[in-house]
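Fair warning: this is a prediction, and the values are worked out from it, not measured in the lab.
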Amino acid sequence: MPSTSRHALTARIRPKHWVVWIAWGLLALWAVWWAMSFAQPVPKLIQPKEPPSSLWRYDYLGLDFIHNDAGERTWWSGVNPYLHLYGDPINPFYVCTPPTLLFFPWVMALPPEGTVQSHEHNALPQVIPYPFRAIVVWFVASVGMIVVATLAAAAARRRLGASGGGGEGEGLPLVPIPVMLVAMLFSYPVLFELERGNFNVLVLLFIALGCLPWLWNRTAPAGAPVAARRWSREIWAGICLGLAAALKVFPLILLPGLIVLRKFLAAIVMVATLLLLWLSMFHLTESWSRIAAAIAHEQANIIPVAMHSLSISWRHIWGATVLARVSPAYGSLALLAPPAAIVSWFVFRSPARNRLMYPYALWLAALGTCAMMIAVDYNLLLLVMATLIVWDRRDPLWLQLLLIPWLLVWQPFQLGPDSFHRTQWFAITLFAMKLWAMLAVGLLVIWRARAATAAERSASAAGAGVTSAGILRIR
C-alpha cells in the first residue's frame, strides 16, 4: 500500500509542476529581496559588497521617480518645470514629455517625509527630499502592471497556440504564468526599471490593454452588430496606444503598425488622443522642445554602456568612414526601416494578424527605442515580454542560436562594469548584441506569423473540404 500510494503521488506530480513550484519559490525570494532593500535606513537594492557591475550605483532607490515627483511638485507650485526644477539631484530641468505630468498628480497626497544625500558626478553631496511612501506605492503599482502585462502575454501565447502558431504546424505550447513572471522580474531591463522607478511599465500596460480585446476571444452578446463590436475594440486600442505615445515618444511607431494590422479606426483615434493630450499641455510644449534638443546635443558625443541608441552610437560605429557624415537621425531610420518593413509585411499578409498583434506591437515599440537619442536599457522590457510570447523550444536550431546574445538580459547586473565605461569598443559590442537580439526576436515574430498563416489556411481548406463532402452526400 505505501509503495502504491507513493507511486500514485508521483504519477500525479508531473515534471512541469516542479518547475512551477520552483518559480513560486523564486518569486518569494524576489519579494523578500526587495522588501529587505526597502527596509534599509536608506532604501537601496541589496547586492554583494563588491558587485561584478555597477547597475545599482546610486545610493537610494527610485532615482527616476524622484525626477517625476520633483517635476509634479514644481508644476503644482505654479513654476514651469522645464525652466526650473526643485528637488532633483541630477537634472536642473524636467525632461519628460508634458503629458507625463497628467499621470502623477497623486504624488501630491504623499509628501516627502525624509531626505537622502546625493553624490552625482563627483560633486559635493547635496541633501534632497526623499518621497519614500510615493516610491513604495509606485514600485507596487509597477509590479502590478508587469503582472497584468504578463497575463496578457499568457493569453496571447494561448491564442497563438490555438491558431497553430508553433513549429511544424503544431500549436505554441503554453508556459506557466509563474515561470513567465520569473523570466520577467529577474531580467536586467525589469530590475533596472524598478530600481530607477521609471514609467516604461505604463507604456507596457497601455500596449497590453490596447491589444486586450483581441486576446480574449469572448462570445459577443446575441444580436450585437459585428461592425459595432469592431469599432468599439479599435476605439479602445487607439485610446490606449495614444496614451502610451503621449508618455514616451518611441510608441509613435505603433501608428504605422496599426495600419499594418488594418486597424484604421484605431490609428485615427490614437492620433486624436495624442493631439488632445498634447494640446492640453500646449503651454509647456515649447519649453520641452528646447530641453529635448539640448539633451540630444549633449548626448551626441557619448556612447553609454546602459543605452542602445543607434542615433548616439552612429558616429562612434562608423568612425572615419563616409557614413559617419550622415545625419544620425536619418541614418538610424534608414537602418531600422528594412527590418520593421519585413516583419510588418509578414504580419500584414497573415490572416492571424489579430493573434500576432500583442507581440508585434511590443517588438515594434522596442525597435523604435533604437532610433531615439535617449534609449536606456530599461526600455528593453518590451522586448523581453515579446520574447516570452513568441519563443518556442521546438524552433529550428539556427533560430535558437541567433537568440544567444539575448541571453545577456537574464542576469541582474548592468551590461558592463565601471572599468569599461570609457572603452568604446566594449560599448559598441554590447550595442551590437542588443541590436542583434532585437532582429532575432523579429525573426521569431515572422516565424510565428508564417506558422499561424499556414495553420489558418490548412483549417480553411479542411473546412471547405468537409463542406464539399457534405454537399455531395446530400446530393
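His67 contributes a side-chain N or O that, together with a main-chain N or O of Val95, makes up a donor-acceptor pair within less than 3.5 Å. In terms of modelled atom types and a separation under 3.5 Å, the side chain of Arg355 and the main chain of Ala452 share no donor-acceptor contact. With hydrogens and angles disregarded, no donor-acceptor distance shorter than 3.5 Å links the side chain of Trp214 to the backbone of Arg233. Between the side chain of Thr100 and the main chain of Cys96, no donor-acceptor pair closer than 3.5 Å is present. For Thr97 (side chain) and Ala246 (main-chain N/O), a donor-acceptor pair under 3.5 Å exists by modelled atom type. Without hydrogens or angle criteria, Arg157 side chain to Pro173 main chain gives a donor-acceptor distance under 3.5 Å. The closest donor-acceptor contact from the side chain of Trp436 to the backbone of Pro405 lies at 3.5 Å or more, if one exists at all. A donor-acceptor distance shorter than 3.5 angstrom exists from the side chain of Glu193 to the backbone of Val201, with no hydrogens or angles considered.
Here the straight-line distance linking atom CG of Leu181 with atom CD1 of Ile146 works out to 9.0 Å at 0.5 Å rounding. Note: Leu380 CG to Thr387 OG1 = 9.5 Å, rounded to the nearest 0.5 Å. Summarising the geometry, atom CG belonging to Asn68 is positioned 11.0 Å from atom CG belonging to Leu63; distances are rounded to the nearest 0.5 Å. Atom CE of Met433 sits about 4.5 Å away from atom CG of Leu408, to the nearest 0.5 Å. Between atom CD1 of residue Ile446 and atom CH2 of residue Trp363 there is a gap of 7.5 Å, rounded to the nearest 0.5 Å. One finds the CE atom of Met108 at 7.5 Å from the CD atom of Glu72 (value rounded to the nearest 0.5 Å).
Under a cutoff of 6.0 Å and an axis angle of 45°, Arg262 and Phe348 form a cation-pi pair. Under the 6.0 Å distance and 45° angle rule, Lys248 counts as a cation-pi partner of Phe199. Cation-pi geometry between Arg73 and Trp76 is not satisfied (NZ or CZ under 6.0 Å from the ring centre, within 45° of the ring normal).
The nearest pair of heavy atoms linking Val260 to Ser344 is CG1-O, 3.2 Å. Heavy-atom minimum distance, Val376 versus His308: O-CE1, 3.2 Å. Asp377 and Lys434 get closest at one heavy-atom pair: OD2-NZ, 2.8 Å. Met357 and Leu261 get closest at one heavy-atom pair: CG-CD1, 3.6 Å. Met307 and Ile374 make their closest contact through CE-CA, 3.6 Å (heavy atoms, listed as atom of the first residue, atom of the second, distance). The minimum heavy-atom distance between Leu110 and Ala134, with the atom names listed, is CD1-CA, 3.8 Å.
Under the 6.0 Å cut-off for aromatic ring centres, Trp391 and Trp406 do not qualify, their centroids lying 6.0 Å or more apart. A distance below 6.0 Å separates the ring centres of Phe139 and Trp34.
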Subject >> side chain to side chain contact (heavy atoms under 4.5 Å, CB included) between Phe65 and Val107, intermediate numbers included >> reply: CA-CA 10 Å; Phe65 182 85; Val107 301; 3.8 Å; yes
Original post:
Do Leu336 and Leu310 pass the side chain to side chain contact (heavy atoms under 4.5 Å, CB included) test, and can you show the C-alpha distance, the side-chain angles, and the key distance before you say yes or no?
Top reply: CA-CA 9 Å; Leu336 296 175; Leu310 186 57; 4.1 Å; yes
Original post:
Can Tyr188 and Trp410 be said to form a side chain to side chain contact (heavy atoms under 4.5 Å, CB included), step by step?
Top reply: CA-CA 6 Å; Tyr188 150 65; Trp410 273 285; over 6 Å; no
**OP:** Start with the C-alpha gap between Met281 and Leu284, add the side-chain angles, then the distance that decides, and say whether side chain to side chain contact (heavy atoms under 4.5 Å, CB included) holds.
**Re:** CA-CA 6 Å; Met281 306 295 286; Leu284 297 175; 3.7 Å; yes
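At a threshold of 4.5 Å between non-hydrogen side-chain atoms, the residues Asp69 and Phe104 do not count as touching. Annotation: side chain of Leu265 is in contact with side chain of Ile235 (closest heavy-atom distance under 4.5 Å). Looking at heavy atoms from C-beta onward, Ile207 lies out of side-chain contact with Pro251 at the 4.5 angstrom threshold. The shortest distance between side-chain heavy atoms of Met372 and Ser332 does not fall below 4.5 Å. Residues Arg290 and Tyr82 have side chains not in contact (no heavy-atom distance under 4.5 Å, counting atoms from C-beta outward). Counting only heavy atoms from C-beta outward, the side chains of Leu185 and Thr150 never approach each other to under 4.5 Å. Proximity of Leu204 to Leu362: side-chain heavy atoms (C-beta onward) are separated by under 4.5 Å at one or more points. By the 4.5 Å heavy-atom criterion applied to side chains, Arg448 and Asp395 are counted as neighbours.
Partners of Arg349 under the salt bridge (charged side-chain N to carboxylate O under 4.0 Å, His left out) rule, at least two apart in sequence or in another chain, do not exist in this structure.
Ring-plane geometry between Trp138 and Trp106 is classed as parallel, the angle between the planes falling under 30 degrees on a 0 to 90 degree scale with a further cut at 60. Note: Tyr130 and Tyr60 have perpendicular aromatic rings, judged against thresholds of 30 and 60 degrees for the angle between ring planes.
Dense packing is recorded around CZ of Phe264, with more than 12 heavy atoms of other residues, nucleotides or ligands lying under 6.0 Å away. Within 6.0 Å of the CH2 atom in Trp236, the count of heavy atoms belonging to other residues, nucleotides or ligands does not exceed 12.
With Trp288 as the fixed residue, the ring-ring contact (aromatic ring centres under 6.0 Å, His included) test singles out one of Trp75, Trp278, Phe93: Trp278.
Side-chain N/O atoms of Asn200 and Tyr378 include no donor and acceptor closer than 3.5 Å. With no hydrogens or angles considered, no side-chain donor-acceptor pair links Thr74 and His84 at under 3.5 Å. Using a 3.5 Å distance cut-off with no hydrogens or angles, the side chains of Asn80 and Tyr94 do not pair a donor with an acceptor.
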